[in-house]
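To start, the structure itself, in structure tokens.
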Amino acid sequence: MADPRILIALDYSEPKEAEALVARLDPTRCRLKVGKELFTRGGPALVERLQSRGYEIFLDLKFHDIPNTVAGACYAAAELGVWMVNVHALGGRRMMEAARDGVDRVSRPPLLIGVTILTSMGPEDLAEVGLDPAPGLLVERLATLASRSGLDGVVCSPRETEMLRGVLGGGFKLVTPGIRPAGSTAGDQVRITTPADAVRMGSDFLVIGRPITAAPDPLAALAAIEQEMAQTANTQPQP
Ligand code: C5P
């Protein structure tokens with residue numbers, strides 16, 4: 001069975017727009033990420049329609065609440081049949097363990113992924129909410145806690161993948177946004193990495209939005225990214 005590593009971010013406010021794009025894609029070559037805005041508009045029915053077209057869905061709702069509530073939300077996502085779901089690692093060990101119990105109530109649970117520190121938070125933002133360590137240390141600490149709490153992986157910057165791979169080993173999934181093919185525009189992303197470099201640095205799944213969704217021919221854009229990834233898939237990490 002196809003196991004595509006590209007997760008296309010459906011950052012649309014209208015389900016119709018998302019579905020028009022999806023009609024031009026191919027479920028053997030990508031998975032789809034549905035986030036808070038689109039889910040709040042389209043709900044579980046939209047996820048079901050995308051799944052019925054053959055797509056596997058990363059439900060990016062970043063649950064963060066008391067353990068019992070997060071367990072219930074994760075169970076609901078698992079029952080919806082999504083392929084991946086995520087929670088905030090800052091919810092702590094008991095919340096993440098409850099999330100694990102929630103997804104494990106179905107026979108084929110989704111991958112359960114943690115969000116460490118939002119990349120929109122700089123050192124000053126962290127200090128303001130009482131989190132003092134350097135962001136890198138916090139990410140390592142929260143990813144380690146996520147792993148110990150039974151999560152399958154974390155969302156992280158491609159630039160953190162080598163460090164996390166070293167600390168957490170090979171089986172822990174690393175999901176990386178901030179990807180821009182060589183020559184494409186950065187948009188509002190600041191620290192960007194090419195698909196080739198993300199693969200080299202150890203990313204398992206690449207979250208890619210506008211380079212594909214805003215391309216005149218999304219399938220051609222996807223093909224170019226696949227080709228770039230394939231050329232580097234078996235090379236060693238660069239220093
Ligand atoms: O269009 P673009 O490729 O920048 O989309 C990236 C996607 O990844 C968006 O859905 C964005 O919200 C998400 N994301 C991110 N940076 C993070 C976490 C998620 O860009 N740190």
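Counting convention: from 1, in listed order, for ligands and their atoms alike.
For the pair Lys33 and Leu38, the minimum side-chain heavy-atom distance is 4.5 Å or more. For the pair Arg49/Val22, no side-chain contact is recorded, criterion being any heavy-atom separation below 4.5 Å from C-beta on.
Side-chain heavy atoms closer than 4.5 Å link hydrophobic residues (I, L, V, M, F, W, Y) into clusters, and following such links, even through other members, never connects Leu80 to Val106. Grouping the Ile, Leu, Val, Met, Phe, Trp and Tyr side chains by contacts below 4.5 angstrom, directly or via other members, places Val87 with Val82.
Salt bridge annotation for Arg180-Asp197: absent, with no cationic side-chain nitrogen under 4.0 angstrom from a carboxylate oxygen.
Residue Pro211 has at least one heavy-atom neighbour below 4.0 Å for each of these atoms of ligand 1: 3 (O). For ligand 1, the atoms lying closer than 4.0 Å to a non-hydrogen atom of Val207 are 7 (C), 8 (O). Ligand-side atoms of ligand 1 in range of Arg180: 1 (O), 2 (P), 3 (O), 4 (O), range being under 4.0 angstrom from any heavy atom. Residue-ligand proximity, Arg210 to ligand 1, at heavy-atom distances under 4.0 Å covers atoms 1 (O), 2 (P), 3 (O), 4 (O). For ligand 1, the atoms lying closer than 4.0 Å to a non-hydrogen atom of Ala9 are 7 (C), 10 (O).
With respect to atom 12 (O) of ligand 1, the closest heavy atom belonging to the protein is Lys33 NZ, 4.3 Å. Of all protein heavy atoms, the one closest to atom 20 (O) of ligand 1 is Gln189 NE2, 2.7 Å. Counting protein heavy atoms only, atom 10 (O) of ligand 1 is closest to Asp11 OD2, 2.7 Å. Protein heavy atom in closest approach to atom 15 (C) of ligand 1: Pro177 CB, 3.5 Å.
In terms of polar-atom proximity, defined here as any N/O pair under 3.5 Å, Gly209 does make such a contact with ligand 1. At under 3.5 Å, a nitrogen or oxygen of Thr119, whether backbone or side chain, sits near a nitrogen or oxygen of ligand 1.
The aromatic rings of Trp83 and Phe205 sit perpendicular to each other, their planes meeting at more than 60°, with 30° as the lower class boundary.
A side chain to side chain contact (heavy atoms under 4.5 Å, CB included) with Ile212 is found for one member of Leu219, Leu222, Ile179 and no other, namely Leu222.
By the neighbour-count criterion of 12 heavy atoms within 6.0 Å, atom CZ of Arg148 is sparsely surrounded, having that number or fewer from other residues, nucleotides or ligands.
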